[in-house]
Amino acid sequence: MNNTLTPPKNTPTSHDETSSFEPSVENEWVNNVAVQRSRINNAITQLAAKSPIDTPLCAYIYDLPALAQHAQSIVAALPDNCEFYYAAKANPEENILATLAPIVHGFESASGGELNWLHQCQSDVPIIFGGPGKLVSELAQAIDLNIEAIHVESLTELKRIGLLCQQKQANCRILLRMNISLEGIEGTRLTMGGKPTPFGIDREDLPAALSILRDFPQIELLGFHFHLMSHQLDKARHLALMELYFTTFKRWQEQFSLDVKLLNVGGGIGIDYANPAQLFDWTGFCDDLGQLIQRENMQAVTVRFECGRFVTANAGFYVMEVLDIKQSHGEWFVIGHGGTHHFRTPAAQNHNHPFYVKQREMLQSGNELNINSGLIRQKAIVVGQLCTPKDVLARQVNIETVQIGDYVVFTQAGAYAWNISHQHFLMHAAPVMHFID
Ligand SMILES: *Cc1c(COP(=O)(O)O)cnc(C)c1O
């Protein structure tokens with residue numbers, strides 16, 4: 001195979017997987033993808049023109065208008081008694097928070113660090129605070145800030161909150177996070193409960209929790225919190241999970257004579273990385289949820305979502321300029337400027353991350369040596385610059401054309417991406433962070 005070809009003009013630059021993006025698919029978001037892609041490509045051109053001559057591009061690009069539009073349509077579809085919080089651990093970038101702040105009902109923090117950061121960035125947005133192993137100092141801060149609700153993960157945590165409230169002569173509001181059996185509910189790839197986990201309180205311990213609450217009248221029990229599944233792609237299965245939450249909530253209300261009015265149903269709406277055009281049917285889900293709320297007589301309860309991945313994944317793009325293309329023992333490797341130290345998502349999820357190739361417009365920075373090397377219609381492995389065989393972003397994918405100096409653009413890179421990556425490994429420079437607004 002000749003590896004010094006110039007690709008013919010007008011050949012598609014995306015590999016097979018992304019060709020499913022064509023606007024024929026009935027989905028508003030998907031219809032916007034072509035427009036969005038030209039926005040992203042323009043940003044790449046601008047960033048490349050701005051970057052120093054000896055620095056090939058490596059960047060995260062965030063499409064904030066698309067993020068705002070997506071979040072608005074999520075919130076608009078909700079039934080009346082529902083609220084939508086953004087789980088900031090998916091992506092806590094300041095600009096992302098600023099974009100979402102006027103749209104969502106609040107933010108969920110999963111650590112003391114996030115609690116601080118969210119409060120610092122958007123002090124007016126209601127904050128809820130969950131996660132196992134909260135420090136006493138973090139619980140104290142949550143009480144001092146009088147946040148919307150603390151999600152209590154254990155009996156010990158509940159006692160600590162009670163003692164802190166006593167000490168401070170302060171009140172606070174909580175939800176008990178419960179880990180209940182998922183019997184009869186089909187699992188997803190990542191089940192967060194219904195089995196031994198560090199998250200939440202077992203059903204058997206609920207009487208003990210309620211007894212602790214009687215000792216500490218400073219603590220107001222608002223209701224219950226569940227987050228038992230993530231990567232959910234199936235509307236019907238997620239509805240079945242909601243039904244389980246509703247019936248459990250009502251049963252406990254009755255059994256324990258509780259007058260609680262808030263049910264947090266967690267996050268966990270997934271992204272189909274193998275087929276990104278296949279969006280979770282949120283509108284259909286909300287329609288059915290509205291009916292389920294009627295049927296189960298849950299109108300008087302506030303149903304609160306706290307989603308992360310589904311909100312931001314599609315708004316982020318990770319761009320690596322191609323540095324080298326080589327063959328090794330019969331396999332082609334495309335080596336980009338960057339890698340899993342910036343973008344751990346494919347390694348963390350053990351998947352081939354979807355991408356497209358944007359052709360270079362001219363010889364770019366770093367290519368002053370003018371080595372013209374490329375592939376046409378080849379299977380290749382897309383890797384980064386790390387000295388570990390695990391630095392793979394997509395394996396054995398069909399690439400239409402790619403040349404040194406082109407850009408590999410990973411889509412669906414806006415959630416659990418930069419912020420879950422081991423950024424200091426090998427001491428490579430950080431990517432450029434660019435926000436389209
Ligand atoms: C991570 C997390 C979420 C958000 O999950 P997504 O899958 O990103 O929607 C919501 N609630 C809790 C408790 C979490 O830990």
Side-chain angles (χ1 to χ4, degrees), residues 67 70-71 74-75 78 82-93 96-97 100 104-115 117-118 126-134 138 142 147-154 157 174-180 182 187-195 197-201 223-235 237-238 241-242 245 262-273 279-280 282 285-286 303-316 344-345 348-349 351 412-420:
L67 174 65
H70 182 49
I74 289 174
V75 173
L78 289 172
C82 295
E83 291 183 351
F84 193 90
Y85 276 55
Y86 171 57
K89 82 171 186 287
N91 188 329
E93 291 286 340
I96 300 266
L97 299 177
L100 294 174
V104 298
H105 294 90
F107 291 148
E108 190 251 3
S109 60
S111 75
E114 279 186 3
L115 174 61
W117 173 247
L118 295 176
I127 296 176
I128 52 182
F129 177 29
K134 296 180 195 76
E138 294 167 342
I147 65 168
E148 185 68 20
I150 303 174
H151 295 169
V152 179
E153 305 266 354
S154 76
E157 202 168 271
I174 63 145
L175 296 186
L176 293 175
R177 178 172 182 180
M178 304 302 293
N179 182 0
I180 55 168
L182 288 173
T188 60
R189 210 146 48 79
L190 203 65
T191 307
M192 313 281 295
K195 60 179 185 186
T197 74
F199 315 119
I201 297 168
F224 295 98
H225 171 242
F226 301 99
H227 174 69
L228 296 178
M229 271 185 201
S230 58
H231 294 280
Q232 182 72 268
L233 295 171
D234 188 288
K235 178 184 82 160
R237 276 204 248 157
H238 209 61
L241 189 63
M242 298 300 112
Y245 293 166
L262 182 61
L263 169 60
N264 185 317
V265 294
I269 306 297
I271 294 286
D272 191 346
Y273 294 98
L279 266 201
F280 182 88
W282 178 259
F285 169 76
C286 285
V303 176
R304 179 181 287 165
F305 289 86
E306 45 172 26
C307 295
R309 187 184 304 276
F310 184 59
V311 183
T312 54
N314 283 310
R344 197 169 72 92
T345 317
Q349 298 296 332
H351 69 207
Q412 281 75 39
Y416 304 103
W418 166 243
N419 65 319
I420 65 156

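First listed ligand is number 1; within each ligand, the first listed atom is number 1. Keep in mind that the numbers below use all heavy atoms, side chains included, and drop hydrogens, waters and symmetry copies.
With sequence neighbours left out, Glu138 forms a salt bridge (charged side-chain N to carboxylate O under 4.0 Å, His left out) with no residue at all. By the side-chain contact (heavy atoms from CB on, under 4.5 Å) test, Ala142 pairs with Leu115, Phe129, Ile147, Ile150, sequence neighbours left out. Residues that satisfy the ring-ring contact (aromatic ring centres under 6.0 Å, His included) test with Tyr245, not counting sequence neighbours, are Phe226.
Outside the 6.0 Å centre-distance limit, the rings of Phe305 and His105 are not counted as a close aromatic pair.
The nearest pair of heavy atoms linking Leu118 to Ser109 is CD1-CB, 3.5 Å.
Closer than 4.0 angstrom to ligand 1 by heavy atom are Ala87, Lys89, Glu108, Arg177, His225, His227, Ser230, Gly267, Gly268, Glu306, Cys307, Gly308, Arg309, Tyr416, sorted by chain and number.
The aromatic rings of His225 and His227 sit parallel to each other, their planes meeting at less than 30°, with 60° as the upper class boundary.
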